[in-house]
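Indexing begins at 1, ligand by ligand and atom by atom, following the structure's order.
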Amino acid sequence: MVNNVPTPPTPVNEPVLGYLPGSKERTELKAELSRQSAQVVEIPCIINGVEVYTDNVVEQVMPHNHSHVIARVHMAGEKEVTDAIEAALNAHDSWSTMPWEARGAIFLKASELLRGEYRAKINASTMINQSKTCHQAEIDSACELIDFWRFNVQYAREIYEDLQPPVSSSGMWNSSEVRPLEGFVFSVTPFNFSSIAANLPSSTAIMGNTGVWKPSRNSYLSNYYLMQLMMDAGLPDGVINFIPGKASMVGDTCLSHPMLAGIHFTGSTSVFRQMWKDVANNLENLRSYPRIVGETGGKDFIVAHPKCDKEALTVALIRGAFEFQGQKCSAASRAYIPESVWESIKDNYVEQVAKITVGDPKDFSNFMSAVIDKKSFDNIVGYIERAKQDTGCDVITGGTYDDSTGYFIRPTTIVCNDPRYESMAEEIFGPVLSIHVYPDYDFENILKVCDSTSEYALTGSIFAANREDVLTAMAALRYSSGNFYINDKPTGAVVGQQPFGGARGSGTNDKAGSPLNLLRWVSPRSIKETFAPPHEWTYGFLKE
Ligand code: NAD
């Protein structure tokens, strides 16, 4: 109990449901998939709690069946964006002064709705909208988001308690008012995680901010349902305004508004850099220096030592690189493997990857599905075709693709002679793993190569049996990733357990799912009250 405020329930991670044949959750999810596949949803903008249908419509399709339309999305124009900013600014007074525990209760309620009646709906929409398997949807749109909401409410409580200054000298009383930012926060979200999409606007809202949420053009359906869920949980009008719209127009309108107080972004490095530059060019017109938080691209690595668990390494390569078609910012996309290890795992690795099933996620026997859209498909295919032409590369799995029905690409492995070949260095964001095989004696040198090859520093793993070798890798790769794994794949961070984020070109490392992130959304006011103010302006030392 703090100041008569009840302590929120201790957060625990939501258990991942198994969707085994015959299970209740599997039956419910299959029914929901059929229901959603049979309808075309009209998606409006939501401004000040009101649905706005603009009739400037774009269609949303299934990536694994691109002739199947699942939604018609009413795109915002400049007027809707300006109205959304106004709505956020108008809602600021009442939302920011609402007791934090009342705000927190709304998101705890949201987590319960998602756990229960909304679970199948949100998972099914993530499966058909972003082509996730049931397992990938479950760990993202159900479990991770439930965790974000539960843990962030707990972290908010800690911030409101702990930011009180501890001392007050005699004759005075000091305190700290943990205010939200002045203005609105612009949340810009990626297609690949429904949990991130809802977390970015809601984590700032938990700390008392209001704002505009621009969802990705490739996840409108699941994101719209999440907006509805938050409203069902009691989110007041105007606190989060849902604005599907052309990215550059929404971006320009929000970034040039004088009351821009913060940007909460997850997406590609190039878009984030451009937004930062746009803000910098406009600083004189802004009331405040906006908080800029961005988690961006990755080129995540696995380094194996000659002495390591080879079976565990093989599983980490396959799961780390190919689950959700490699479209995780944390996906393993480059690996450095010693000759002796490669010799003993290569045949089994190739055999296992050949068994991977790729297709419609409604068929639960598929391990992978389609990549998100035509642009992404063409980009990935470009890397594959260039590698096929390059004499220094050997495409040992996959390398085939077909976009006639959906954007399908077989899990592809490129063995590269040059450890700095383009596919070892650049983010591809697809099911492509590049491997460089190094001489067993060269472990320490390969760590330097790993550290210096890519502009990113998001996640990475070391596979090594001996503690000395783990320590050597940890020291050499200290700044190569924001999330580091020992004998595990570099994906699958869990809220409350491995706060997530990277540095260098991978972002501002403000650690989603931790108090560090929430601290970016407050601007404390320090207050000193003096009980016995001086009545004389001169000082004793001035006397002769
Ligand atoms: P993206 O950069 O294409 O889009 C992200 C968001 O930015 C979308 O909402 C998009 O519409 C918007 N956007 C694009 N141009 C804009 C502009 N000019 N103004 C305002 N908004 C604009 O990224 P994506 O394809 O949706 O997601 C994949 C990327 O996200 C990958 O690079 C991946 O590594 C990264 N990602 C990073 C993390 C992390 O935690 N580091 C997590 C998930 C995804």
Side-chain angles (χ1 to χ4, degrees), residues 58 63 73 75-76 81 129-130 140 144 148 186-201 203 212-220 222-223 242-257 260 263-279 282 292-300 324-333 371-377 379-380 426-430 454-460 481-483 490-493 495 498-514 517:
V58 299
V73 187
M75 303 287 276
V81 183
N129 195 168
Q130 290 122 291
D140 161 22
E144 184 166 79
F148 272 134
F186 182 34
S187 295
V188 181
T189 60
F191 79 85
N192 66 335
F193 276 84
S194 298
S195 57
I196 297 177
N199 180 50
L200 297 198
S203 53
V212 173
W213 170 17
K214 198 208 84 56
S216 160
R217 68 189 163 92
N218 287 319
S219 55
Y220 285 139
S222 54
N223 290 192
F242 178 79
I243 298 296
K246 190 162 182 279
S248 53
M249 183 278 293
V250 181
D252 289 350
T253 312
C254 288
L255 298 179
S256 61
H257 195 286
L260 176 73
I263 298 173
H264 204 186
F265 175 85
T266 298
S268 59
T269 300
S270 58
V271 169
F272 185 54
R273 284 182 178 150
Q274 189 55 51
M275 288 171 81
W276 198 308
K277 284 181 203 160
D278 291 347
V279 170
N282 200 36
I292 304 182
V293 173
E295 299 307 332
T296 60
K299 187 70 191 173
D300 311 295
F324 188 37
Q325 299 77 263
Q327 297 173 120
K328 298 186 185 186
C329 50
S330 56
S333 61
V371 300
I372 195 69
D373 62 10
K374 171 83 176 140
K375 187 171 163 224
S376 176
F377 179 88
N379 181 44
I380 299 163
E426 296 167 17
E427 183 178 57
I428 301 174
F429 220 60
S454 141
E455 64 173 317
Y456 300 107
L458 191 51
T459 75
S481 73
N483 283 58
T491 64
V495 177
Q498 301 96 23
F500 192 78
R504 295 187 185 163
S506 290
T508 53
N509 200 15
D510 287 298
K511 297 296 186 206
S514 86
N517 178 281

Can you report which non-hydrogen protein atom sits closest to atom 43 (C) of ligand 1, along with the distance?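 Residue, atom and distance for the closest contact: Asn192 OD1, 3.3 Å.
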Close-contact set for ligand 1 against Val188 heavy atoms, below 4.0 Å: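 Atoms satisfying the 4.0 Å criterion: 6 (C), 7 (O), 9 (O), 12 (C), 21 (N).
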Within ligand 1, which atoms have a heavy atom of Thr189 less than 4.0 Å away?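 Checking each atom against Thr189, I get 5 (C), 6 (C), 8 (C), 9 (O).
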N/O donor-acceptor pair under 3.5 Å between Lys511 side chain and Gly482 backbone: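 Looks like yes, one N/O pair under 3.5 Å.
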Have a look at ligand 1 and work out which part of [X], if any, has a heavy atom under 4.0 Å from it: side chain, backbone, both or neither.
{"X": "Pro215", "answer": "backbone"}
{"X": "Phe429", "answer": "side chain"}
{"X": "Glu427", "answer": "side chain"}
{"X": "Phe272", "answer": "neither"}
{"X": "Ile196", "answer": "side chain"}
{"X": "Leu458", "answer": "side chain"}
{"X": "Asp252", "answer": "neither"}

Protein contact for atom 1 (P) of ligand 1 (heavy atom, distance under 4.0 Å):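 Protein heavy atom within 4.0 Å of atom 1 (P) of ligand 1: present.
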Between Asn223, Thr266, Val271, flag the one that comes closest to atom 5 (C) of ligand 1 by a heavy atom.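 Ranked by closest heavy atom to atom 5 (C) of ligand 1, first place is Thr266.
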When you measure from atom 35 (C) of ligand 1 to each heavy atom in Gly267, Pro190, Gly482, which option holds the nearest one?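 Looking at heavy atoms only, Gly267 sits closest to atom 35 (C) of ligand 1.
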Contact check: Ser248 vs ligand 1, nitrogen or oxygen atoms, below 3.5 angstrom: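 Among all N and O atoms of Ser248, none is under 3.5 Å from an N or O of ligand 1.
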Closest heavy-atom contact between Asn129 and Tyr220?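 Answer, listing the atom of Asn129 first, then Tyr220: OD1-N, 3.4 Å.
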About how many Å separate OG of Ser506 and CG of Asp300, when rounded to the nearest 0.5 Å?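 The CG atom of Asp300 sits 7.0 Å away from the OG atom of Ser506.
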Do we see a donor-acceptor contact under 3.5 Å between the side chains of Asn223 and Lys214?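 The criterion, which ignores hydrogens and geometry beyond distance, is not satisfied for Lys214 and Asn223.
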Side chains of Phe500 and Glu295: does their closest heavy-atom pair fall under 4.5 Å?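 Side-chain contact under 4.5 Å: no.
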